[in-house]
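Structure, as structure tokens:
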Amino acid sequence: MTLPDTPSGPAGANRTFQVDLRGLVDLLSHHLYSSPRVYLRELMQNAVDALTARHSLEPAAPAGAFGIRLYADGSAVRVEDDGVGLTEADVHTFLATIGRSSKRAEKIAEQRGDFIGQFGIGLLSCFLVADEIHVLSRSARTPDAPAVEWRGRGDGSYTVRTLPATARPRPGTTVTLTPRADAGEWTRPAQVHALARHFGSLLRHPVTFDDGTGGPGASVNPEPAPWARTYPTPGARSRALAVYGEEVFGFTPLDTIELDLPAVGLKGIACVLPEAVPAGRRHGHRVHVKGMLLSEQAAEILPEWAFFVRCVVDAESLRPTASREALYEDDTLAAVRDALAERLRAWIARTAASDPDLLGRFLQAHHLAVKSLAVHDDEILRMLLPWLPFETTDGHATLDEFARTHRTVLVTSSVEEFRQIAAIASAAGLGVVNGGYTYDRELVHRLPEIRPEVSVADLDPATLTAHLDPVDRETELAAAAYLTLARDALAVFDCDVALRTFQPASAPALLLDSREARHERTRSRLAREQQGGVWGDILGHLRQEAPRAQLILNQLNPLVRTAVTIDEPELARTSAEALYGQAAMLSRRPLRPAESSLINRSFLDLLAHALRKDS
């Protein structure tokens with residue numbers, strides 16, 4: 001099938017895309033750039049790249065010979081640089097073609113890595129705050145080159161004309177914006193100065209700002225990065241880096257870790273947070289590329305486990321995304337992330353070996369972060385596992401302290417289980433660690449790798465029951481009738497009842513019932529209710545003998561000794577229900593509706609019995 005000819009050419013002919021500049025600017029402002037404020041960063045970035053090209057053209061020029069000057073007086077914003085400049089052909093090629101960057105020019109393509117911008121869309125960001133962009137440039141490549149003026153407008157049109165060299169006596173480029181009325185928030189002199197400081201405080205070229213009041217221009221970047229300065233002593237350097245970290249992040253670091261990766265030209269610091277943060281929260285890090293601020297939320301620069309630090313770094317070889325507000329995920333970034341992780345591990349190892357006081361303060365604040373690291377890092381495990389704090393039957397203690405008094409360490413599978421048995425296990429001389437918190441159970445089980453003389457086992461009800469003293473035969477026979485009634489009353493909860501002696505004597509009963517056992521009983525009950533159906537067949541294959549809960553009554557407790565002598569069946573049942581309810585509440589696990597109902601009913605029944613007896 002052939003298509004008819006059209007006014008624009010014959011059918012099948014190649015055609016050129018038509019770009020709606022207004023629509024493109026709207027796309028950039030809503031989907032690429034986070035805020036209109038990036039217009040100044042893009043202008044400064046273009047100026048820095050032009051200066052880089054100028055230095056490549058004139059390598060003998062002294063440092064600081066070329067710079068950037070910013071001007072804002074409320075009616076205009078101007079960015080002037082002493083960079084390589086543009087010829088008339090460059091203007092047509094690069095300023096009027098969306099997506100083509102001057103950094104791709106043939107003469108400097110080999111040095112592309114020296115430049116920040118590589119996408120050719122930065123100048124469009126100026127349309128976020130202005131309807132017209134005025135560029136005046138003169139090329140440094142041709143000594144007698146004329147000045148070139150380019151005016152681009154938001155409707156997609158532009159004009160170009162050449163001017164005498166006197167229109168711009170020195171090579172370089174000046175970009176002038178006349179702000180729209182709705183852009184005052186981003187183009188006021190004070191705001192322009194603040195944005196320049198924000199984005200350009202670490203730039204290696206001199207940058208000044210003039211607010212048009214006639215005073216001397218203010219330096220935007222008066223000092224090099226703190227890690228690039230010299231200091232009289234290591235202590236002075238450490239203090240200066242800590243002060244800088246506090247200025248950037250707003251907290252006094254617990255310590256600062258210098259970061260230096262020569263292979264990618266990365267330098268900076270990691271500031272150790274002085275307080276704990278929620279596990280898994282990834283902080284944004286402040287990343288500069290060749291001195292220009294790229295992002296304050298670059299979480300991808302460090303692994304997820306490193307949430308106890310915030311970093312500020314300046315790198316040469318990291319690639320920004322098209323918006324230049326994040327890092328491009330590639331092999332280089334992955335290698336940098338791994339290398340920085342090694343620097344953090346090295347700091348932990350050095351601190352553990354040489355500064356126990358700092359290590360203690362660090363672990364007090366960030367033990368959860370270190371635990372998450374130790375799970376996956378054998379070196380950190382060997383160094384720090386003995387010093388990590390855990391909740392135990394001896395209180396909060398390090399595993400090293402705990403293992404000195406308990407050669408067999410038992411660990412629970414849940415916080416609930418630990419709270420059920422902690423007091424009784426402690427009185428029985430058992431060493432139990434609460435394994436219900438994130439990472440704890442897995443780490444405690446790895447203790448024998450560090451302390452081979454210690455054994456670790458999961459705590460189960462049978463282990464604890466075996467450490468409870470049995471009552472003598474006469475006492476058990478005397479309580480047999482009561483125990484039978486108690487088992488019958490608690491059968492609805494799949495609970496067995498036994499009589500033992502254990503400390504503390506103030507505890508009347510202990511309820512041993514793990515979460516896994518409750519789940520297994522629920523599954524078995526569902527299987528029984530669904531007998532014959534497809535679901536019943538599935539659960540029937542999974543069903544096994546469901547473990548029962550155990551209510552252990554303490555013969556040393558005066559209340560229990562009185563209860564087992566009750567010969568009135570209903571009162572005996574009620575007292576057993578009350579003891580079960582009290583033990584269930586002490587376990588601190590969520591109560592099932594039936595258990596809440598039992599507690600209320602047994603309390604009222606006992607109260608009614610007491611009132612009848614008194615009357």
Side-chain angles (χ1 to χ4, degrees), residues 19-51 68 70-72 76-81 83 86 91 94-104 115-137 150-158 173-188 191-200 203 207 209 220 287-297 319-328:
V19 177
D20 179 352
L21 189 59
R22 287 286 188 191
L24 182 58
V25 171
D26 182 70
L27 180 67
L28 294 178
S29 63
H30 288 95
H31 300 284
L32 185 64
Y33 296 125
S34 62
S35 164
R37 69 177 186 167
V38 300
Y39 83 92
L40 189 66
R41 184 197 66 196
E42 297 294 326
L43 290 178
M44 293 174 66
Q45 178 175 285
N46 286 343
V48 170
D49 286 341
L51 292 176
I68 302 170
L70 309 178
Y71 175 90
V77 175
R78 186 166 67 244
V79 178
E80 180 179 341
D81 67 69
L86 298 170
V91 166
F94 302 120
L95 297 190
T97 305
I98 295 171
R100 179 177 294 172
S101 171
S102 63
K103 272 70 74 177
R104 294 194 178 96
F115 300 94
I116 305 172
Q118 299 175 357
F119 298 93
I121 58 175
L123 197 62
L124 290 180
S125 65
C126 295
F127 287 122
L128 300 177
V129 298
D131 288 324
E132 182 175 283
I133 305 170
H134 176 256
V135 178
L136 182 63
S137 187
W150 179 88
R151 290 183 183 272
R153 288 169 285 276
D155 61 5
S157 63
Y158 71 94
T173 301
T174 301
V175 180
T176 304
L177 309 178
T178 301
R180 293 196 306 270
D182 62 353
E185 177 184 358
W186 307 110
T187 57
R188 289 191 298 269
Q191 181 68 288
V192 172
H193 187 205
L195 290 176
R197 289 277 298 164
H198 180 71
F199 290 119
L203 288 175
V207 184
F209 172 77
V220 169
V287 175
H288 299 251
V289 174
K290 302 176 181 70
M292 181 69 71
L293 178 63
L294 177 78
S295 174
E296 295 177 278
Q297 300 298 324
R319 291 176 57 192
T321 59
S323 68
R324 287 179 283 276
E325 295 182 347
L327 293 170
Y328 185 79

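Residue numbers run from 1 in the order of the sequence given.
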Can you tell me how far apart [atom1] ([X]) and [atom2] ([Y]) are? Round to the nearest 0.5 Å.
X      : Y      : atom1 : atom2 : result
Leu136 : Thr176 : CG    : OG1   : 8.0 Å
Trp150 : Ser137 : CH2   : OG    : 12.0 Å
Ser157 : Glu132 : OG    : CD    : 8.5 Å
His288 : Glu296 : NE2   : CD    : 8.0 Å
Leu51  : Ile68  : CG    : CD1   : 5.0 Å
His134 : Leu177 : NE2   : CG    : 11.0 Å

Search all heavy atoms of [X] against all heavy atoms of [Y] and return the closest pair with its distance.
X      : Y      : answer
Ala76  : Pro179 : CA-CD, 3.9 Å
Gly152 : Tyr158 : CA-CB, 4.0 Å
Gly200 : Met44  : CA-CE, 3.9 Å

Let me know which of Leu40, Thr174, Thr173 forms a side chain to side chain contact (heavy atoms under 4.5 Å, CB included) with Val79.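 Result: among Leu40, Thr174, Thr173, Leu40 is the only option passing the side chain to side chain contact (heavy atoms under 4.5 Å, CB included) with Val79.
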
With Cys126 as reference, evaluate Ile133, Val38, Val77 under the side chain to side chain contact (heavy atoms under 4.5 Å, CB included) test and give the passing residue.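 Output: one option passes, namely Ile133.
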
Backbone of [Y] reached by a side-chain donor or acceptor of [X] within 3.5 Å:
X      : Y      : value
Arg188 : Ala72  : no
Arg180 : Leu128 : yes
Tyr39  : Ala130 : no
Arg197 : Val220 : yes

Take Val135 and Val91 through the side-chain contact (heavy atoms from CB on, under 4.5 Å) test and state the conclusion after the steps. CA-CA 9 Å; Val135 178; Val91 166; 6.0 Å; no

If you define the side chain from C-beta out and look only at heavy atoms, does anything of Gln45 sit under 4.5 Å from Phe199?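 A side-chain contact under 4.5 Å is absent here.
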
For residues Met292 and Leu203, determine if any side-chain heavy atom of one lies less than 4.5 Å from a side-chain heavy atom of the other. yes

With Tyr71 via ring-ring contact (aromatic ring centres under 6.0 Å, His included) - residues at least two apart: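 With neighbours one apart ignored, the set is empty.
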
Under the criterion side-chain contact (heavy atoms from CB on, under 4.5 Å), I'd like the reasoning laid out for Arg41 against Leu293: C-alpha separation, chi angles, the key distance, then a yes or no. CA-CA 8 Å; Arg41 184 197 66 196; Leu293 178 63; over 6 Å; no

